[in-house]
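This one's a predicted model, so the numbers in the text were calculated from it and none came from an experiment.
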Protein chains: 2
Amino acid sequence: MDTSPPAPTDADPGIVAPDQPQAEESQRIAFGRHLKKLRQDRGLTLAECSKLTGLAISTLSKAERGLMALTYDRLSQIAAGLQIDMNALFGDEGERFQPDSLAIARRGEFQLQETPNYAYEILFPEIWGKAMTPMTGLVRARSRMAFKELIRHEGQEFVYVLAGQLTLHCEGRDPITLATGESAYFDSGMGHVYTTAGEDDARILVVCFGQNLPESQPQDP
Amino acid sequence: MDTSPPAPTDADPGIVAPDQPQAEESQRIAFGRHLKKLRQDRGLTLAECSKLTGLAISTLSKAERGLMALTYDRLSQIAAGLQIDMNALFGDEGERFQPDSLAIARRGEFQLQETPNYAYEILFPEIWGKAMTPMTGLVRARSRMAFKELIRHEGQEFVYVLAGQLTLHCEGRDPITLATGESAYFDSGMGHVYTTAGEDDARILVVCFGQNLPESQPQDP
DNA sequence: AAATCTCTTTTCCTATCGGAAAAATATGCT
DNA sequence: AGCATATTTTTCCGATAGGAAAAGAGATTT
């Protein structure tokens, strides 16, 4: 007989990948549904989508039902045709900012969040799927800095001083003082805190990126 | 004879995708380099990476050099093995904002861009890989709006009125007037233009997201 | 310098992707 | 209902992904 045991050679099963057998398929199916939604959200038929992406209708059909796993080349064709970048292709497309959305923030329209040293409001809490989270804040005069209070969250942060004088404390760095009209851009993964050196409260505008906080719990910028 | 002309049937070349012939390959090569970097940044050899991901060494080798286009299944295996999610797999991991980065914008530090109706400066042009692009601008008093000048670019935009009065013109909508301290958040894929209704120039702060303009050509917000 | 070890690339071959066209299913029209 | 059109699914097959094993290409040691 010629039924020798299939000796594994390339990757020996010592540490092994978290390799589920049919989990692969179910993930592919989920992704297929995702692709379908992407297409339908744009009101496209398979034929139209085929023209935009250059893939065959049959390929799209099979991919959407998880019957096949598209290659990188095809995936990037889809991304190009649908005008989204690869990141977004896999991202929670459903959570995406609505095309043609527009929202206006009038003054004092939103809920003020109060903390000992800050008062701030998230500007468009009702819009879900925003890529950026803008907020306005007030840093109280003579606010003391407590090192244990360092804020730290995934992403990037931009702060602009609307009025007064702001002191930016960043982990492992000397404090930086910003005058009115000045701004800073930094990795918000670094611990950071705002205080003010001036005699008056400082008013700031903060825009965060990278943390999905659509409706998250009260949290300092 | 049986040499009928190869009638295109599935996708007729009427609108057609922006389908470059060998652009596909170069993108794949770039992605391959990206994969290699991901692996090497973790100090992994092909063999170790193979164990983690479950892919054959040869497959990884070929993929890293752009000799083959991995399928969705394999890509997700890599993502799982390397403990990053699919988004990040394609994200500009290499081009990413440096962890622990911090940049300060003092007043008048950057190059002013002048257009008939605007003057603006991009705040941190030197930092590459920022997720957001903040800029400050000046909208000239009595600026007239030319419909042909509608700005349109991928992504989302946040505008905050620092001083004066801003009028936001959005495609297919009535103009919206924002007073000092008010702001708007919108899909910048919609055509949009800023003017001012007031007698004085309006000063604004704009933060864009979603367009990769690391060092792009002068362009209005 | 040959031998050994480690890491990467090539080769070969089968399983699968992916396109064209036909079949099936859904939707509308008179 | 019956026909016509639009959309999706199936089928078939050539092109390609991807695994196993062998062949390079460096290092390091003896």
Task: Over all atoms of both residues, closest heavy-atom pair of A/His34 and A/Leu89 - done: NE2-O, 2.8 Å

Open item on the list: Looking at A/Gly191, is its backbone amide N or carbonyl O close enough to the side chain of A/His169 to form a donor-acceptor pair, meaning the two atoms are under 3.5 Å apart?
Closed with: no

Task: Donor-acceptor under 3.5 Å (A/Tyr194 side chain, A/Val159 main chain) - done: no

Open item on the list: At 4.0 Å (heavy atoms only), tell me whether B/Ala63 reaches a base, stays on the sugar-phosphate, or touches nothing.
Closed with: nothing

TODO: Determine: side-chain N/O of B/Arg74 to OP1/OP2 of D/dA17, distance under 4.0 Å, yes or no.
DONE: no

Open item on the list: Quick one: does any side-chain atom of A/His192 pair with a main-chain N or O of A/Met190 as donor and acceptor, under 3.5 Å?
Closed with: yes

Task: Whether A/Tyr72 and B/Phe31 hold their rings parallel, tilted or perpendicular, with breakpoints at 30° and 60° - done: parallel

Task: Protein-nucleotide distance (A/Leu55, atom CG; D/dA15, atom P), rounded to Å - done: 18 Å

- [ ] Rounded to the nearest angstrom, tell me the gap between atom CG in A/Leu60 and atom P in D/dT10.
- [x] 15 Å

Open item on the list: For A/Leu35, is there any backbone N or O sitting under 3.5 Å from a side-chain donor or acceptor partner on A/Arg39?
Closed with: no

- [ ] Starting from P on C/dC17, measure out to CD1 on A/Ile78 and report it in whole angstrom.
- [x] 14 Å

Task: A/Arg28 CZ - C/dG18 P separation (whole Å) - done: 11 Å

Between the protein and nucleotides 6-9 of chain C, which nitrogen or oxygen pairs come in under 3.5 angstrom?
unit_1 : atom_1 : unit_2  : atom_2 : d
C/dT8  : OP1    : B/Arg39 : NH1    : 3.4
C/dT8  : OP2    : B/Leu46 : N      : 2.8
C/dT9  : OP2    : B/Ser61 : OG     : 3.2

Task: Which residue lies more 5' along DNA chain C, comparing B/Leu67 with A/Asp73 via nearest heavy atoms - done: B/Leu67

Task: Any donor-acceptor N/O pair, A/Thr53 side chain to A/Cys49 backbone, under 3.5 Å - done: yes

Open item on the list: Please determine whether side chain to side chain contact (heavy atoms under 4.5 Å, CB included) holds for the pair B/Leu70 and B/Ile78, giving the CA-CA distance in whole Å, both sets of side-chain angles, and the decisive distance to 0.1 Å.
Closed with: CA-CA 10 Å; B/Leu70 296 176; B/Ile78 290 181; 3.6 Å; yes

TODO: Specify the separation, in whole Å, of atom NZ of A/Lys62 and atom C1' of D/dC13.
DONE: 11 Å

Task: Euclidean distance, atom CE of residue A/Met68 to atom C1' of D/dT11 [Å, nearest integer] - done: 14 Å

Open item on the list: I'd like to compare against my own output: the B/S/- annotation of nucleotides 23-28 of chain D with a strict under-4.0 Å heavy-atom distance to protein.
Closed with: ------

Open item on the list: Any base atoms under 4.0 Å from A/Thr71, or only sugar-phosphate, or nothing? Heavy atoms, all strands.
Closed with: sugar-phosphate

Task: Nucleotide C/dT16, atom P - distance to OH of B/Tyr72 in whole Å - done: 18 Å

Open item on the list: Between B/Glu182 and B/Ala179 (side chain of the first, backbone of the second, donor and acceptor by atom type, cut-off under 3.5 Å), is there such a pair?
Closed with: yes

